[in-house]
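For reference, the structure is listed below as structure tokens.
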Protein chains: 2
Amino acid sequence: MAYQLLTRLGLHKYIWSSNLLSQTESSNLTEPHLEILSIGVVYPVGEIHPEDFVAFAKRHYGDSSAIRTTLKLNDASGILVRSSVFPLHEEEMNASEAPSIGRISRLFKEHGVKLAVEACKKAINEWGGSIEDITHLVAVTCTDSSNPGYHEIVARELKLKSDVDKVLLHGVGCSGGLAALRTAANVLQGAAYRSKKGRALVIATEINTSMARCALDQCKEEHRPNIAAVLFSDCASVLVLSNGVQRQEFEQPIYRILNWKQKTIPNTESEIQFNVHANGWKNVLTKDIPYIAANSVGPLFGELVRETPLDLGGQLPHPTNFDWALHPGGLAIIDGTKQALGLSSVHLAASYEVYRNYGNSSSATVISVMDRLRRIPGGKDYVVACAFGPGVSVEMALMVRSR
Amino acid sequence: MAYQLLTRLGLHKYIWSSNLLSQTESSNLTEPHLEILSIGVVYPVGEIHPEDFVAFAKRHYGDSSAIRTTLKLNDASGILVRSSVFPLHEEEMNASEAPSIGRISRLFKEHGVKLAVEACKKAINEWGGSIEDITHLVAVTCTDSSNPGYHEIVARELKLKSDVDKVLLHGVGCSGGLAALRTAANVLQGAAYRSKKGRALVIATEINTSMARCALDQCKEEHRPNIAAVLFSDCASVLVLSNGVQRQEFEQPIYRILNWKQKTIPNTESEIQFNVHANGWKNVLTKDIPYIAANSVGPLFGELVRETPLDLGGQLPHPTNFDWALHPGGLAIIDGTKQALGLSSVHLAASYEVYRNYGNSSSATVISVMDRLRRIPGGKDYVVACAFGPGVSVEMALMVRSR
């Protein structure tokens, strides 16, 4: 009650720091706060190595200037291996034509739902709570588009209660993981407003590799290289978010979410697109994206830190005093953001690691980076999660680690 | 503050009645409550009459048992006219093949976005507020699937602030209008929790008629009648939802939202589907839907009224003491629900009227019914909005009219 009262009086800023939060909480455990209680990430066991991709592309698309340049991007991607439900030698990947969007949807329901359910079970298991205590589900994907959405199938397979409040987001591409976290944060604060317990499964699932052929078709048709063909991978990432109402003793936060924001950068609508097509989604990813992305992070970060009371122990709210869970959209995006904000590779260690070892799994990636980051010893107290998507939209969440 | 305090103490139930709400509000105008401040509905001017459809179907698909039965459903639909961006004689509808999902998306971006923007302007105009005061946007569609979603294009055309909190729902079919309202209600209560002003545009847009050919193709391929071919129409419906924080004097609610819920009916996953396909979405709509829908309404209504304090002036919380904004999925659904709940045609007048004069515009329909209902003089104080979608999912919102 005390915190709520202070919020109403506009005085909460004076207690909203990582040290004082714990004091407030210990004096009133039922007080609502947004906490990430667990994270479950599942990558499929299939692997696509850059060298496998060369043979695959040549087998189906022969030699052309566009293919040659795409293979140069493949060499320079910085990705060691991409996770995939379909290794490139499998029949599914080597049919006479690229699969239709209907087939892609059936593959998603088979492989994507399986990954999502597995990641949910992992997150629920780490959280330690009961399936009956899940009150909300916020899911996202940009690689399926059926009704019912896959969130209904996941809910059924997990045997969630029939009246769990469910949401499936679409149209947000790679920024979807943080769009789902933002929506879950908003919705769970809505539950807190009514003094209702909120425990949400936030689920991001992408099966991008079923569109490997579609991406190479596009390369051939447009006589242009297509970086999408060499970046994207498959993953399901899940986190359990709590609004802190009726907190149980076993519920120990990994991160507390302090603030979040989405911003659409003006005049960038033609820079990132995944346009629906009979064979899935066709990409538009321009060369300007790394520049736009890197230059949008600083201003949004500035707005968020100005709006959020932080206890940096006398340090300035400079980007270097935070750890970064940056969506690794591509090497140029991570490197560009590092340079624009004056960061070192250490600040972005988790982003580099996830990118190198798994590739870009669109919406599912940023939660995987948050998972990697928590396992790196040391680091800063405060963490910024950031992802880019079509719009161009930039999503950001400001969090504090629980030590 | 008083209301918030009572909520925390669990005493809000004793003041949560239509009469007492006004008293509470008049004594404290800044107190947050969820209010629908305006509604804007735009149907395209194109018309599809059942008799036009006969000629159209015969022209392209000749004569077969499946087509004949589909045309019988067309005769018996009870729809006088369906609104459409494409009259059936237009070139777009009479190509050699059904349009691809890519073409359907481009048509959506042209016609759907235009309808949505127009409906937004209508709603904003009735509300009387400024575009700068829009803080949230919750959109839905099941007839487009691109990234960025159409919500980003609508936001740009309306010149919304770049940091408006945006959400696009998918995978919820015809229940999408209420899924969007539920999500907006949750999210705006989240804003209220942080004492933040919340004014959301809730937007449902569907261009179903671009899939008229796809539905008839399905009829031919599956050798089965397809009721979807004769039911669906186009529409954009928008409402402005407020969380009541910093209420302005000009902001007069049409409805106050008291409670809301979504429920997935067990073992019904194969009854309603819109499966993505190279030519749009293929329907599964079984004969059992009217039965499932009609029988799911009573129990969910029962749960909602038990959980919501109501002032019925001594009357029982029986369905007949409420007006109904029921999604008119088809004639059998409205008639079946009427019978199951013991309602008269008067209780469902708005649903019948919208269905008869415009057809089923999937997610956009229920908001249109709410709009029609407010224009019918008299009626009950309390209103139930209800819609069905794939899952089978039932969405319900309990509202009180402002007189």
Side-chain angles (χ1 to χ4, degrees), chain A residues 1 4 7-8 10 32 100-102 105 142 144-153 155-156 162-163 165-173 179 182-183 185-195 261-266 269 272-279 281-282 303 389-391 393, chain B residues 1 4 7-8 10 32 100-102 105 142 144-153 155-156 162-163 165-173 179 182-183 185-195 261-266 269 272-279 281-282 303 389-391 393:
Chain A
M1 186 100 189
Q4 179 71 12
T7 307
R8 304 250 142 215
S100 72
I101 195 168
S105 178
C142 63
D144 184 41
S145 174
S146 271
N147 303 268
Y150 83 98
H151 66 309
E152 284 283 356
I153 314 176
R156 197 167 64 229
S162 63
D163 64 349
D165 190 299
K166 296 191 283 290
V167 167
L168 174 66
L169 306 188
H170 196 73
V172 281
R182 166 172 56 85
T183 303
N186 287 332
V187 163
L188 284 200
Q189 284 211 323
Y193 179 76
R194 291 188 281 167
S195 308
K261 202 162 195 166
Q262 180 229 339
K263 201 148 197 177
T264 306
I265 310 302
E269 54 272 17
I272 304 181
Q273 295 178 6
F274 305 105
N275 293 312
V276 67
H277 180 273
N279 295 112
W281 283 264
K282 299 265 182 189
E303 282 180 40
S393 169
Chain B
M1 188 99 188
Q4 179 71 12
T7 306
R8 304 252 141 214
S100 73
I101 194 168
S105 179
C142 63
D144 185 40
S145 174
S146 272
N147 304 268
Y150 83 98
H151 65 308
E152 284 283 356
I153 314 176
R156 196 167 67 230
S162 63
D163 64 350
D165 190 298
K166 295 191 283 294
V167 167
L168 174 65
L169 306 189
H170 196 73
V172 281
R182 165 172 57 86
T183 303
N186 286 332
V187 163
L188 283 202
Q189 284 212 322
Y193 180 76
R194 291 189 281 166
S195 308
K261 201 163 196 167
Q262 181 229 338
K263 200 147 197 179
T264 306
I265 311 301
E269 55 271 19
I272 303 180
Q273 296 179 5
F274 304 105
N275 293 311
V276 68
H277 180 271
N279 295 111
W281 283 264
K282 299 265 183 190
E303 281 180 39
S393 167

* Asked: Will you find, in the side chains of His170(B) and Ser145(A), an N or O donor that is under 3.5 Å from an N or O acceptor?
  -> yes
* Side chains of Gln273(B) and Pro148(A): closer than 4.5 Å at any heavy-atom pair? -> yes
* chain A contact via Ile265(B) - which portion, at a heavy-atom distance below 4.5 Å -> neither
* Checking heavy atoms, do the side chain of Ile272(A), its backbone, both or neither come under 4.5 Å from chain B? -> backbone
* Output the distance between atom CG (Asp165(B)) and atom OG1 (Thr183(A)), rounded to the nearest 0.5 Å. => 6.5 Å
* Among all residues two or more places apart in sequence or in another chain, which pass the side-chain contact (heavy atoms from CB on, under 4.5 Å) test with Ser393(A)? -> Ser175(A), Gln262(A), Glu395(A), Glu152(B)
* Asked: Just wondering, do Arg182(B) and Val167(A) contact through their side chains at under 4.5 Å, heavy atoms?
  -> yes
* Asked: Is there side-chain contact between Thr264(B) and Arg156(A), with at least one heavy-atom pair below 4.5 Å?
  -> no
* **Between Ser100(A), Gly171(A), Cys142(A), the one whose heavy-atom pairs under 4.5 Å with chain B are most numerous** => Gly171(A)
* Asked: Side chains of Asn186(A) and Asn186(B): does their closest heavy-atom pair fall under 4.5 Å?
  -> no
* Return yes if some donor-acceptor pair links the side-chain N/O of Ser146(A) with the main-chain N/O of Asn275(B) below 3.5 Å, else return no. => no
* Option that, when pairs with chain A are counted at under 4.5 Å, heavy atom only, ranks first among His277(B), Glu269(B), Lys261(B), Glu303(B) -> Glu269(B)
* **Asn147(A) side chain to Pro390(B) backbone, donor-acceptor under 3.5 Å** => no
* Look up atom CH2 in Trp281(B) and atom CD1 in Ile101(A), then write down how far apart they are to the nearest 0.5 Å. => 7.0 Å
* Most contacts with chain B, counted as non-hydrogen pairs under 4.5 angstrom, among Gly149(A), Gly102(A), Ala278(A), Ser162(A) -> Ser162(A)
* Check: Lys263(B) main-chain N/O paired with Asp163(A) side-chain donor or acceptor under 3.5 Å -> no
* Partners of Leu168(B) by side-chain contact (heavy atoms from CB on, under 4.5 Å), sequence neighbours excluded? -> Ala139(B), Tyr150(B), His151(B)
* Can you say whether Lys282(B) sits under 4.5 Å from chain A via the side chain, the backbone, both, or neither, judging by heavy atoms? -> neither
* Which one, Ala155(A), Ala179(A), Gly190(A), leads in non-hydrogen pairs under 4.5 Å with chain B? -> Gly190(A)
